[in-house]
Amino acid sequence: MSSKLWKSKLAVVTGASVGIGAEIALRLANAGITVIGLARRSELIDDLNKQVHSDGAQIHSYRCDMAKEENIAEAFKWIGEHFGGISILICNAGILKANFIVESSNADLKELYDINAYATTLCLREGIKLMRNGKVDKGHIIVLN
């Protein structure tokens, strides 16, 4: 990544507390991009921020439970109020339960759908609004699931 191109950009990463989301957030921040990490365990994102070595970039945490619509709305409202428009949205949050089709209850399947599909769609809607409101020239959206 060219650090000059991305220096003033803002990225939002869902599921940024562990695994792939944490690695993406860290790599973006170390490339000079300011990152907002959304996750239930925001304290893990705060710990991750200690590994950022790029001048001026950091990872901000915001506690957001993707199973709760109001959390998603509040998170993106907070981002808009404190940071304005975003340039990058990475929807990474998701769950998977072992043998989920065969052995899962209806409630487990609904939870899987609500977080992996519905919450991702809500994040896409709110993220695109922030891209438009911030008059971003070229926005980038990546969905992992």
Among all residues two or more places apart in sequence or in another chain, which pass the side-chain contact (heavy atoms from CB on, under 4.5 Å) test with [X]?
X: Asn116; value: Ile95, Leu112, Asn145
X: Val18; value: Arg41, Leu44
X: Leu124; value: Leu89, Cys91, Thr120, Ile141, Val143
X: Asn71; value: Arg63, Cys64, Asp65, Lys68, Glu74

Should we say atom NZ of Lys110 is surrounded by more than 12 heavy atoms from elsewhere, each under 6.0 Å from it?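 No - once you tally the heavy atoms of other residues, nucleotides and ligands closer than 6.0 Å, there are 12 at most.
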Looking only at heavy atoms, which two atoms of [X] and [Y] are closest? And how far apart?
X: Tyr62; Y: Ser42; result: C-CB, 4.1 Å
X: Val35; Y: Ala25; result: CG2-O, 3.7 Å
X: Ala119; Y: Ile72; result: CB-CD1, 3.7 Å
X: Ser54; Y: Ala31; result: OG-C, 4.3 Å
X: Leu130; Y: Gly80; result: CD2-CA, 3.6 Å
X: Ala29; Y: Ala57; result: O-CB, 3.2 Å

Separation of [Y] [atom2] from [X] [atom1] (nearest 0.5 Å):
X: Ile88; Y: Met131; atom1: CD1; atom2: CE; value: 8.0 Å
X: His60; Y: His82; atom1: NE2; atom2: NE2; value: 10.5 Å
X: Phe83; Y: Thr34; atom1: CZ; atom2: OG1; value: 7.5 Å
X: Thr121; Y: Asp114; atom1: OG1; atom2: CG; value: 10.5 Å
X: Gln51; Y: Ile59; atom1: CD; atom2: CD1; value: 8.0 Å
X: Ile128; Y: Ile86; atom1: CD1; atom2: CD1; value: 9.0 Å

With sequence neighbours excluded, residues passing salt bridge (Lys or Arg N to Asp or Glu O under 4.0 Å) with Asp46: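 Scan of Asp46 (salt bridge (Lys or Arg N to Asp or Glu O under 4.0 Å), adjacent residues dropped) gives none.
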Name all residues meeting the salt bridge (Lys or Arg N to Asp or Glu O under 4.0 Å) criterion together with Glu23; count only those two or more places apart in sequence or in a different chain, and write none if there are none.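 Salt bridge (Lys or Arg N to Asp or Glu O under 4.0 Å) check on Glu23 returns Arg27.
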Can you name the residues that form a side chain to side chain donor-acceptor pair (under 3.5 Å) with [X], not counting sequence neighbours?
X: Lys77; answer: none
X: Asn133; answer: none
X: Glu43; answer: none

Taking the side chain as C-beta and beyond, is there a heavy-atom pair between Ile24 and Leu144 under 4.5 Å?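 Yes; the side chains approach each other to less than 4.5 Å.
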Would you say the side-chain atoms of Thr14 pair up with the backbone N or O of Asn92, donor to acceptor, closer than 3.5 Å?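 Between the backbone of Asn92 and the side chain of Thr14 there is a qualifying donor-acceptor contact (under 3.5 Å).
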Which residue pairs pass the salt bridge (charged side-chain N to carboxylate O under 4.0 Å, His left out) test with at least one member in residues 12-21, sequence neighbours excluded?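 Not a single pair qualifies under salt bridge (charged side-chain N to carboxylate O under 4.0 Å, His left out).
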Who are the ring pair (Phe, Tyr, Trp, His ring centres under 6.0 Å) partners of His53, not counting sequence neighbours?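 Ring pair (Phe, Tyr, Trp, His ring centres under 6.0 Å) check on His53 returns nothing, list empty.
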Looking at residues at least two apart in the chain, or sitting in another chain, which of them share a ring pair (Phe, Tyr, Trp, His ring centres under 6.0 Å) with Tyr113?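 Ring pair (Phe, Tyr, Trp, His ring centres under 6.0 Å) check on Tyr113 returns nothing, list empty.
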So Cys123 and Met66, side-chain contact (heavy atoms from CB on, under 4.5 Å) or not? Walk me through it. CA-CA 9 Å; Cys123 290; Met66 291 292 154; 3.7 Å; yes
Would you check, one step at a time, whether the test side-chain contact (heavy atoms from CB on, under 4.5 Å) holds for Asn30 with Val52? CA-CA 6 Å; Asn30 279 324; Val52 175; 3.8 Å; yes
In sequence, state the C-alpha distance, the side-chain angles, and the governing distance for Ile115 and Glu111, and then conclude on side-chain contact (heavy atoms from CB on, under 4.5 Å). CA-CA 6 Å; Ile115 292 174; Glu111 178 187 29; 4.0 Å; yes
How far apart are the C-alpha atoms of Phe76 and Leu122, what are their side-chain angles, what is the distance that settles it, and do they pass the side-chain contact (heavy atoms from CB on, under 4.5 Å) test? CA-CA 10 Å; Phe76 280 90; Leu122 294 176; over 6 Å; no
